[in-house]
Structures are given as C-alpha cells and as structure tokens.
Amino acid sequence: MLRTQTCGELTAKNEGETTTLIGWVDAVRDHGGVGFVDLRDRYGRTQITLNPEELGGAAPTLRSEQVLRVIGTVELRPEGMRNPKLTTGDIEVRARSVEIIGDCPPLPFDLSEIGGGEITDELRYRYRFLDMRRDSVKNRFLMRSDLLHQMRNFLHAERFVELETPVLTKSTPEGARDFLVPSRLNHGEFYALPQSPQIFKQIFMVAGFDRYMQVVRCFRDEDLRADRQPEFTQLDLELACVEEDDVIDVVERMVAHLIREISGVTVTTPFPRLSYEEAVSVYGTDAPDLRSPLRLETLDDLVDRIPFNIFTGAVEAGGQVKALRVPGGGAWSRKVITELEALAKTYGAGGLAWVKTNADGWVGPLSRFLEGEALELVAERTSAEDGDLLLFVADGSRGVVNNALNALRKEIARREGHADPAKLAPCWVTEFPLFESDDEGNPTPCHHPFTSPHPEDADRLESEPLAVRARAYDLVLNGFEIGGGSIRIHQRELQERVFRRIGLSSEEAKEKFSFLLEALKYGAPPHGGIALGIDRLAMILAGDTSIREVIAFPKTQRGGCPLTGAPGEVASAQLEEIGLSISPRATAQPEPGAD
RNA sequence: GGGGACGUAGCUCAAUUGGUUAGAGUCCCGGACUGUCGAUCCGGUGGUUGCGGGUUCGAGUCCCGUCGUCCUCGCCA
C-alpha cells in the first residue's frame, strides 16, 4: 500500500507514530513560518503541519484538490488548538515529506459547502468527479450503497435467488417507447432495451426458482422529469405460490427495515392500505402523500341545493365537484389564492372557487351562492370551522378535478410545512382497475397485460372490462410511487382472454409473447411480484426532490450526459456496418451565413 | 409538441427609468505573516453580458428568433 492510514483514523492513540497519508488538499492555511493543510479522503480529514525549514526550504506550492502523499509524525495538538469537529482533531501530522502525486489546476467551481451559491446542475454533472468529493454528495452515494447492501442481505436471508436477465431483448407493443439497438448480424432488425424484466422473471417462476430478485437497469424513452430518467434502477422481485398479502408482507418488512437502518426512523407495519377508488376519492391521486392531513370531499350529491351553475353543469356533464378544506386558510390573502388558482388552471381547471371565514363571516367569490342551507350542507360535509378556507374545483372531467386538487393539496402541504422530508409516510394502494380506456375508448392495461384480474370480476372481462379490478398494488411513499406489482396470470387460457380484450389478435400475441405463452403451458405455478424504484426510494431517504441527486451520472432534461456528451454522432462506417442511413432532416445543421 | 423561470468574470451574484470606462465576493497570480482550521491583511490579472437579428443618438436592460439548463402539462404498460 502507498499509505499506512486513511485520513479519518489517526487519533491521540497514534501519538509518536510515523505515518504516510494520501489525500486531496481540502484547504491550505499558510502563515509564513508555519502552514496547515487539511488532507481529505473518503474517510475523513487530517491536519498536516508544515514547517518550511523542516521540509528543506523548497516546499511545493499547494493548491486545493491536489493529491498529496505526506510522510510525517503524529503529534498531539497543543492545548487549545484541538478541533472537536474532527475525529482526528486531537492530533496533527508534522510533515517531513510532502509530494504532489496528482496535480490539479484551478477548479471550475467552488467545492466549499459553506457559503457560496448553488452551482448549476449541468456544471456539477460535467465535473461530477469534483462534485462527488463534497461530503453532502459523497454521503448520498454511500447511503445508496448501504441501501442496496441492506436490500440484498434482507432478501438473501429470505431465500431469494439473485438472477440476471438480458439487456438486449425484444421490443414489446405495450407501454413506454422503447430504446432500440440495431442488429449488425440481422440488418433491419432491432433489439430493444428492457422497460422492465417482467416476462423473464415470470419465466424464472415457471422454471421453479420460486423467489427471484435482481437490481436491474430499466430503460424508457419518454420525456424526463425531476423523478424520471431514461435509465433507472429497479429492485425487481417475483415469488411463486403467493397471493397479494404475501408479496406485500415481505416488501413492507423489507422497506421498514431499510428505513430503520438507513434513516433511523421507525415506520409501523402493516402500512396503511387504500383501495384505488378510495385514494382517488380522498386524495385525488393513486399516489397520495399521507404526510398531509388534508382530504378532499365530494359534493356531487349536494349540487342540486347549491344554486351555482358551474357546479351543476360539471355534474351533469359527467364530472365532479370536490372541495378541499384548509384549516386556518381563512387568513390567506387574495394573492395566495390567486397563485393557487393559477396552479389549478395548469391542470385544465377552468378556475378555482373559494370561500373563507374570518371576522366578517363567510367571504369570497362563492359566498353569494353559498348561503343558508347550501352553506350548512357544505360546511357539514367538509367539517369547516371558523378561520378555514374552502377551495372548490368543478369540471366535466373527473381527471381534471382530481389532478387539480391533488396539486393544490401538495402545494398547500409544502406551504404549511406538512411535507417534512424527515417524515416517512408509506402506504399501499390496491384494487387498481385492470384496464383504462385509451384515446379510442378501447380497454388498455393500467399496469401490464400479465396482471391477473380480481377473481370476483373475471367473468366481467368481456362484458364490462373497465369495471374489472386487478390484483395489482402500488407502494407509495410521501406522494411518490416507489413500487408497483401484481399477482400474474399463470393460466394460458386466461392470458389469451386478456390479450383478446386489449385488441391483440392471437397472431399478434403469439408474435410478441409466444415465449411467455409457451412457458405458461409447461407447468406454471401461481406467482406475483413487484418492482421498486431504487432511485426514487434513495431520493426520498436523502430528502431530495430530484432523482438526479442519487444517480452518479444523470442525464439532463434533453437526455444528454454532461460528462460524456452522449448522445453523439457516429462514423458513417459504423452506420454502414449495421445497415442504417440517417435521413437528411435529422442531421441538417443550419449553415452559418447561408441565405 | 405546449406553458413558465433562468442565462453578466472560471464560480456565486450586482448593475436605478434604456445613459459615462459592466462592479463585488470567491478562485487564480504576487507579497506579508509561527497556531490556523471558511486563516487574515495588502496588491494584481480576469468580460464576445449564451448566440443571431431588430428598435434607438445610445441596449446587460426593450422586441423577435435561436441555443442551453431547470420546473411543468401532454407522455411515462
């Protein structure tokens, strides 16, 4: 080894020892006759004392982030010079040799975590190797490493088998847009990168592995968001001979264990469970943030007694009227409410109706319609009290009402301090519909086409497909979907009925999924599983609002990698090899000075 | 594809109603200093105001376009 200790382990016990350390220059404090260097590595910081005379006069010029190899003696610091903030703060290393073994130019940005403003993400990711030297960034990746380690330990102890699946696989018709990889050996044909290893893991169940796990990269070519990257990591699980409760049980024991180990927080099990219908009704979303106590109330049955034609019109059009009660919101200004209305409008709401109570009684634009009996009914339904604000969204589309109110509920939670990142509120959402209606009104899977219908509803698959519940469940944490899974279809006959229902002919089904259908013929046990989004889980445990913070080399919103510059053009010879040519439109650059 | 915010020194930011030579901190370079731990003090270098066009006597500031970053709607089985 080139070093005898790390920068985090020398203490008073090592007094008098000779040590050799290697680390980065964290700070230089030069006092002329004496100088100090904080040497930093992954494990900590150690103060080096420099005396120009003892170093033979010609001491090198030291600068931040150079890599130094220091040979010296461990000495106790003089009384009053100790630094209680460092574990190595009782000692210092008096250098007799300092060598720059990795020089470093002036830095493109300030690594100091104290003072200074925020650096733009693009710059941080372009110089991620520098960014990661900062404690706050480094610690996120150490945490993520612990998280994966704890997951594997837990699951291996539960007799899961870690198996791998291909990255070059086959494009499937459903779901997100695939990333395609051209085949050199088969011109005109393409692999697809997996959106998830769904079918492979079901085949592992048919093979009898019984309990499968994999930490696996998945790819979806869709637009990016703060919580979505084109490649992301899942913890993928599948179990044979199980029902919903078995999957839910093992996952919530694991998640409670992870949260305890990583965050030191105890969450009680079992986690709360809500049906999909209940979640949408009460929170306006299938991924509710249970840290906020606010609830939505449906007023559809009261609109006949509220003389406000926007409300009655919404219900007559097949939509809804729902209210959100904000305790204490009576004190909120018109400006704040206008901001909330603007938010609601981004989700397609025509406007935001509201009333509030203050010393003048009920005031607000809606108050002239809400009087007497109507007011009493609404106040009773929403449990409104003096000093409250009531917000109403009415629309002919239930989706608009729920999306807008979910956004308002989250925004209000943020403003009221209910979105404390240290609080962790997991829940399960169950009994999703098996299908939703696509643009043409045809049923399309809510989850994926291998999800088993609820046994009570299976006979309505053909007659009332949209009313069929699925044996699907999502794990939600602080308003983020961090996992989703289901009990799968393990009978070929039922699987073919579902394919038919979503408009896949038996030829198409055979073409796309013949390997699964084939496997299901050969003795498939009942099975089910789940996939957890590791990036999102790590993000929440780190208290962040973007998964980029816990991804080592993330992509920008346009899908670029600031570090490597990917994606990039390739040599024409490479294109020829795979039999591809690029259409001119895609590569045409406006020529400077043209026209 | 749509909406919004931002883009000024390597970095973080400022610049009054459109008005003189675009400033400060930090970094970097030089100097002073034997106990600092965000060392301090003195001096200095550093600018295509993202890019292109327009309005104007005059544009960092106003207008149009474009590029980039971030947030978001659509999209994400």
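All chains are named by letter (A, B, ...) in the order of the sequence lines, taking the proteins before the strands, and each is independently numbered beginning at 1. Fair warning: this is a prediction, and the values are worked out from it, not measured in the lab. Hydrogens, waters and symmetry mates are skipped; everything else that's a heavy atom, side chains included, is used.
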Problem - Between B/rU72 (P) and A/Arg228 (CZ): distance, integer Å - result: 9 Å

Practice task
Please state the P separation for the pair B/rC11 and B/rC28 - nearest whole angstrom.
Solution key: 15 Å

Exercise for the section: Check whether any side-chain N or O of A/Arg548 sits under 4.0 Å from OP1 or OP2 of B/rC71, and answer yes or no. Expected result: yes

Exercise for the section: Kindly say if A/Thr556 contacts the phosphate of B/rU69, meaning a side-chain N or O under 4.0 Å from OP1 or OP2. Expected result: yes

Handout entry: B/rC33 and B/rA39, which share atom name C1', separated by this distance in whole Å
Key = 11 Å

Handout entry: Paired nucleotide for B/rU17 [Watson-Crick or G-U wobble; both distances under 3.5 Å]
Key = none

Problem - Whether A/His31 stacks on the six-membered ring of B/rG35 base, 5.5 Å and 30° limits - result: no

Practice task
Tell whether A/Arg225 reaches the base of B/rG74 with its side chain through a donor-acceptor pair below 3.5 angstrom.
Solution key: yes

Problem - Atom-pair distance (CD1 on A/Ile48; P on B/rU36), nearest Å - result: 18 Å

Exercise for the section: Select base, sugar-phosphate, or nothing to describe what A/Phe450 touches, counting heavy atoms under 4.0 Å on all strands. Expected result: nothing

Practice task
Answer yes when A/Asp535 and A/Arg548 have at least one side-chain N-carboxylate O distance shorter than 4.0 Å, and no when they do not.
Solution key: no

Problem - Gap in Å between the two C1' atoms, one belonging to B/rG19 and one to B/rA59, rounded - result: 10 Å

Practice task
Indicate yes or no: does A/Arg228 engage A/Glu222 in a salt bridge with an N to O separation below 4.0 Å.
Solution key: no

Practice task
Among the candidates B/rG35, B/rU69, B/rC71, find the nucleotide nearest to the side-chain atoms of A/Arg558.
Solution key: B/rU69

Practice task
State whether A/Arg29 places a side-chain N or O below 4.0 Å from either non-bridging phosphate oxygen (OP1 or OP2) of B/rU36.
Solution key: no

Practice task
Output the single nucleotide from B/rC28, B/rC76, B/rG68 whose closest atom is nearest the side chain of A/Pro106.
Solution key: B/rC28

Problem - Presence of donor-acceptor pair under 3.5 Å, side chain of A/Arg220 and base of B/rC76 - result: no

Practice task
Report yes or no: do A/Gln214 and A/Asp236 form a side-chain donor-acceptor pair below 3.5 Å?
Solution key: no

Exercise for the section: Compare the minimum distances between each of B/rC73, B/rU36, B/rG38 and the side chain of A/Lys85, then state the nucleotide with the smallest one. Expected result: B/rG38

Practice task
Would you classify A/Arg40 as touching base, sugar-phosphate or nothing, given that sugar-phosphate means primed atoms plus P, OP1 and OP2, and contacts are heavy atoms under 4.0 Å?
Solution key: nothing

Exercise for the section: Measure the distance from CD on A/Glu122 to P on B/rC71 and round it to the nearest whole Å. Expected result: 13 Å

Handout entry: Separation of atom CG in A/Asn403 from atom P in B/rG3, rounded to whole Å
Key = 20 Å

Fill in the blank from the handout: Between A/Glu436 and A/Leu123, whichever has its closest RNA chain B nucleotide further toward 5' is A/Leu123

Handout entry: Donor-acceptor pair between A/Asn83 and A/Gln47 side chains, under 3.5 angstrom
Key = no

Fill in the blank from the handout: Of the candidates B/rC29, B/rG10, B/rC75, the side chain of A/Arg63 sits closest to B/rC29

Handout entry: Pairwise P distance, B/rC67 and B/rG47 [rounded to whole Å]
Key = 29 Å

Handout entry: Base B/rC37 paired with A/Asn83 side chain (donor-acceptor, <3.5 Å)
Key = yes

Practice task
Grab the OH-C1' distance between A/Tyr127 and B/rU69 for me, whole Å please.
Solution key: 16 Å

Exercise for the section: Could you check which of B/rC75, B/rU12, B/rA39 has an atom nearest any side-chain atom of A/Ile119? Expected result: B/rU12

Handout entry: Atom C1', compared across B/rU8 and B/rG68: separation rounded to whole Å
Key = 16 Å

Practice task
Could you give the distance separating B/rU55 and B/rC71 at their P atoms, to the nearest angstrom?
Solution key: 38 Å

Exercise for the section: Could you check how far CZ of A/Phe109 sits from P of B/rC13, rounded to whole Å? Expected result: 14 Å

Practice task
Would you mind classifying the nucleic acid contact of A/Asp30 as base, sugar-phosphate or nothing, using non-hydrogen atoms under 4.0 angstrom?
Solution key: base

Problem - Watson-Crick or G-U wobble mate for B/rU36, both contacts under 3.5 Å - result: none

Exercise for the section: With heavy atoms under 4.0 Å as the rule, sort A/Arg77 into base, sugar-phosphate or nothing. Expected result: base

Exercise for the section: Identify, between A/Pro445 and A/Gly560, the residue whose nearest nucleotide on RNA chain B lies closer to the 5' end. Expected result: A/Gly560

Handout entry: Residue A/Ala27, side-chain heavy atoms: nucleotide from B/rC75, B/rA39, B/rC71 that is nearest
Key = B/rA39

Practice task
In whole angstrom, give me the gap between the P atoms of B/rC63 and B/rC27.
Solution key: 37 Å

Handout entry: Watson-Crick or G-U counterpart of B/rG68, or none if no pair lies under 3.5 Å
Key = B/rC6

Exercise for the section: Check every strand shown and say whether A/Ser196 touches a base, only sugar-phosphate, or nothing at a heavy-atom separation below 4.0 Å. Expected result: base

Practice task
State whether a side-chain donor-acceptor pair under 3.5 Å links A/Glu341 with A/Thr338.
Solution key: no

Problem - side-chain N/O A/Gln47 vs B/rU36 OP1/OP2, d < 4.0 Å - result: no

Practice task
Answer with base, sugar-phosphate or nothing: what part of the nucleic acid does A/Glu92 contact at a heavy-atom distance below 4.0 Å?
Solution key: base

Exercise for the section: Rounded to whole angstrom, note down the C1' distance from B/rG46 over to B/rG52. Expected result: 27 Å

Practice task
Check the side chains of A/Glu431 and A/His454 for a donor-acceptor pair under 3.5 angstrom, ignoring hydrogens and angles.
Solution key: no

Practice task
Consider only side-chain N and O atoms of A/Arg488 and A/His448, and report whether a donor and an acceptor are under 3.5 Å apart.
Solution key: yes

Practice task
Please state how far atom OH in A/Tyr125 lies from atom C1' in B/rG68, giving the value in whole angstrom units.
Solution key: 16 Å

Handout entry: Check: B/rG10 base within 3.5 Å donor-acceptor of A/Asp110 side chain
Key = no

Problem - Proximity to the side chain of A/Gln557 - top-ranked nucleotide from B/rU72, B/rC76, B/rC37 - result: B/rU72

Handout entry: Base of B/rU12 paired with side chain of A/Glu118 (donor-acceptor, under 3.5 Å)
Key = no

Practice task
Give the nucleotide from the list B/rU72, B/rC37, B/rG35 with an atom nearest to the side chain of A/Phe36.
Solution key: B/rG35

Practice task
Establish, from distance only, whether the side-chain atoms of A/Arg217 and A/Thr233 form a donor-acceptor pair under 3.5 Å.
Solution key: yes

Completion exercise
Rounded to whole Å, CD of A/Glu65 lies from C1' of B/rG10 at a distance of 15 Å

Problem - Identified side-chain hydrogen bond (donor to acceptor under 3.5 Å, both in side chains) partner of A/Glu462 from the options A/Arg501, A/Arg497, A/Arg500 - result: A/Arg497

